[in-house]
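Chain naming here is simple, since letters A, B, ... match the order of the sequence lines and numbering starts at 1 in each.
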Amino acid sequence: MLDGILMLLVLLNLFSLGSTRISASIRVVAYQGAAIGLVPLFLRGKIPGTMLLGIVFVTLLVKAVLLPGFLRYAQKRVNVRREEKTFVGVSTSILCGVAALGVAFFISSRLPLPFATASPFIVPVALSVSLTGSFIIISRAQALSQVIGYLILENGIYLFGIALFLEQPLLVELGMLLDVFVGVFVMGITIFHINREFEHTDTSRLSGLADWLPEERSLE
Amino acid sequence: MNIVYPLLNVLIALLAAPLMAGIINRVKAFFAGRKGPSLLQLYFDIGKLLRKGAVYSRTTGVFFRLGPPVGLAAVFMALFFIPWGAYPAVLFFPGDLVLFVYLLGTQRFFMILAALDTGSSFEGMGAGRDAQFSVLSEAVLFLCLAVMSAASGSVSLNGMLCSAGGKIWQVSPPVLIVVVFVLYIILLVENYRVPFDDPNTHLELTMIHEVMALDHGGADLAMINYASALKFWILAALPAGLLFPYALNPDFPGNALLFFGIIAATAVLTGIVESGMARLRLLKVPQLLTAAAALSLVALIFLAK
Amino acid sequence: MILLLFVIPFISGLLAFFLRNDLLRRRLLLSVACGHSAFSLYLCLFRGVDQQWLGFGMDALSRYFTAIFSLLFLCASFYAVIYLREEKSKPREESEEGLLFDNAPEAAFTGCLLIFLASMSLLALSRHFGLIWIAMETTTLVSAPLIYFHRHPRSLEATWKYLLICSVGIALALFGNLFLAVSASASGSGAELSLDRLLKAGVSLDPLWLKAGFIFILVGYGTKMGLAPMHTWLPDAHSEAPSVVSALLSGALLNCAFLAILRFYQLCLANGLGGFCRELFLIFGLLSMAVACLFIIGQSDYKRLLAYSSVEHMGILCFAVATGSAYGAMLHAANHSFVKGALFICAGNVLAYFKSKKIADVREMAHLLPWAGVLWFAGILAICGAPPFGTFLSEWIILKSAAASGNILLPAAYLFLLSVIFIAMTGIGMRMVFGVPGTPSAAQEYGGKTHFLPLLPALILLSISLLLGIYLPESLGRVVSEAAALLGGNT
């Protein structure tokens, strides 16, 4: 069952790479968050029942409800429906996603875990989710897409943490959730400002700050 | 006894294939609120066409006459390699999956040749589009077969889908669910169903498969239609073979009914998909096929771990 | 008790958001800054005992770094109060395109400043890698509104770049933390992230995962620190933020990121991976210095010039650790913070007078703004490592240990890059202060009165650096040596 969830996460990765519509990406982030929130239920840990349910509930709340809800609100405020230009095409993105999965499997084969886990796929899938998130940040120009990529990156890291260290003091996990939440909040506010200031949220057009502007090639 | 049941299976396939087309059309009619054509409509159509003569244009050559019979023969041959549930295929040898894919490819190749032979621009266009789809879909089909072969440890279709199929499920269920899904996408592509091609369109500019059969008539058209039905059966038998639980008692009527039921269910599903989805823009088809390729690559990577 | 260093600024920060009275808020800022620096200087110089409580503790490294950024914050807040008073009265015109812009509410600015101080204190106090991570993330989130104080498109662009790049960097650092936890669980003590318990575990941490963790931490926190090639947010953020914020970012935040990396380095040293870590430090150090060198030559904006100089000095810090001179690195961290802080405050005055960030527009400061000119030129000399400032002493110590390492290329590259940067920066400094012969005098274009008070913090900071170069007090020297000893270094 854990393998099924991990496979689902990989498929959601590919789906997020394959669509340029922002609302589809937000839905993918929500489903990913939900899947990751359910992961602790399938591990064989020593956590007592109530704490486990508490973690699951908080994770689901933040990752599957609050954050996507905020993103949807941001999308409506900023009124962006789809990504006008990506730097890499859809088919290439999907193939890069598969390549990222391959790289993740390769890296995890070189880093053997010193203890046993419920599934051998946890580390590769976590790494591949993070790689996919980074790829989305790099290849999209819309500010909102970059925030979505950042969320997917954090999803991967969170999966790594929660799947391997359920016994760990949960302070770190919850602190991480809080920080991500506040971080996305701050990013969202910045996006509102960007929209108000520039009338668009296309970061590839934010290029006013540079060292060598074309007109100023003076040789002092 | 060993060869009788497999041969009986082939006979049932030959007889029951046109029924699947009828099922699809009936399901579509149901969703559209119509009564729809009879389930046995394709039988009547084939019978009618066999009694008619064909008109051959002066611009056509030998390939136009060759296309339909060779295609039918190729698909007919491919039927012999599919195993049924607990029964092996009639013919099998290591590596027969390559032959299987190329038999289907031969059918398509000769259809394309026949279409190009007419010298008509519509047919040329349809042939071009078909060739473009086949580049990607054949690659995806090979990837799927690679995954199945890696999971079952055998390079014969017989070993992958037959009683050893149950062993596959112990390897990694999520991987195989993905493979079944991709095989279904291939089914839709190869059989020119929505979302890749609309079989009900009457505009030549939007046709892919229909336009290649546009200039055929009489017995040729009958052979083309029958070959399409057989191809549906064959490609539906692949995911059915994966899903078929091998632990059933090898009792012939039970097996046959179950297998038949799964293929009929696939036909019903196809009808639902056809009613529910619209056809994709041509630009999006390679993207969808790339996604299918990516899915099978993912399955392969998971399996290879 | 040491938690007061975090709690008091944090609560005052929250309070500052709700205070309506500007005067009261500024007084709050100043008083908290005074109290914080007094307490941290006391802890640094007079209380030599390490203290521990839960996940917090102060060892020599924490005391030293806290004293540095606390002092810097004091001078910066003094300047901030004057700056905020000026900003309230003048009309605001953006320097590049002459657009009119608005400012963020001053309450938000002051509140964020105080919470910024609080989170940096938290970072210095933490003995748990998870807490360090949370503190680092908080500094990012709290400094973003600070950068976006002037509400115009360019600062918004700088804020977005800062926010995104640093968030991704810190996410990578979190991966590093998790890898550390995996490596720790191999030793049988369970997945631990507490520094003290990990140091006790000794050499039983899994080396492969520890190395992987160090790489991620170096890249992740290195983004925050401004190491090339992750430094791309630095010039934009430092040039568009108000000078107070730039001073704090350059002088305090980069140091805290360095501290976070050093904590992990401490752990690697205890596990025998010191050589591996030093190689990585060397690569990033030299790369940062080289990149900074490239961008300083022909730079046209003096705040970006200072930003790239920060990149260079972070490179020098890494280089120092790589060659084994932790003592030099510690000294240099302090000197760089003070001089950079002074330079940025000076730059703020220059910007207020000349209303332009371009070097070409700033001429003959010696006549027009005599005090600022002197301080600016002295600061440029100091940052390039000229004696008798403290930076000369620290860079000399680093050079000695580079030469002692045996490989002749190391000190050669170090000296070469330093010299090129020296030539470029003093050339620019001289142009700005003395003017280029042959161009018309700038006296007709600029007029108006200038006050000395905003420059006082810069003067103080520069004098501290001058003092450190001439005479190192006994107690301070002890702290620096203890800090260096924690990093396994000798002079």
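A distance of 10.5 Å separates OG in C:Ser167 from CG in A:Leu151, rounded to the nearest 0.5 Å. Note that the CG atom of C:Leu163 and the OH atom of A:Tyr150 stand 8.5 Å from one another [nearest 0.5 Å]. Rounding to the nearest 0.5 Å places CG of C:Leu174 at 6.5 Å from CD of A:Glu154.
Taking A:Thr190, A:Ile107, A:Leu111 one by one and counting their heavy-atom pairs under 4.5 Å with chain C, the maximum is reached by A:Leu111. Taking C:Thr159, C:Asn177, C:Leu172, C:Leu164 one by one and counting their heavy-atom pairs under 4.5 Å with chain A, the maximum is reached by C:Leu164.
Between C:Trp209 and A:Pro112, the closest heavy-atom pair is NE1-O, 2.9 Å.
With a 4.5 Å cut-off on non-hydrogen atoms, A:Ile137 touches chain C through its side chain but not through its backbone. Only the side chain of A:Leu153 has a heavy atom closer than 4.5 Å to any heavy atom of chain C.
Using a 30° and 60° split on the angle between ring planes, A:Phe160 and C:Phe179 fall in the tilted class, from 30° to 60°.
In terms of modelled atom types and a separation under 3.5 Å, the side chain of C:Trp160 and the main chain of A:Met187 share no donor-acceptor contact.
Residues A:Leu127 and C:Phe175 meet the side-chain proximity criterion, which asks for heavy atoms closer than 4.5 Å.
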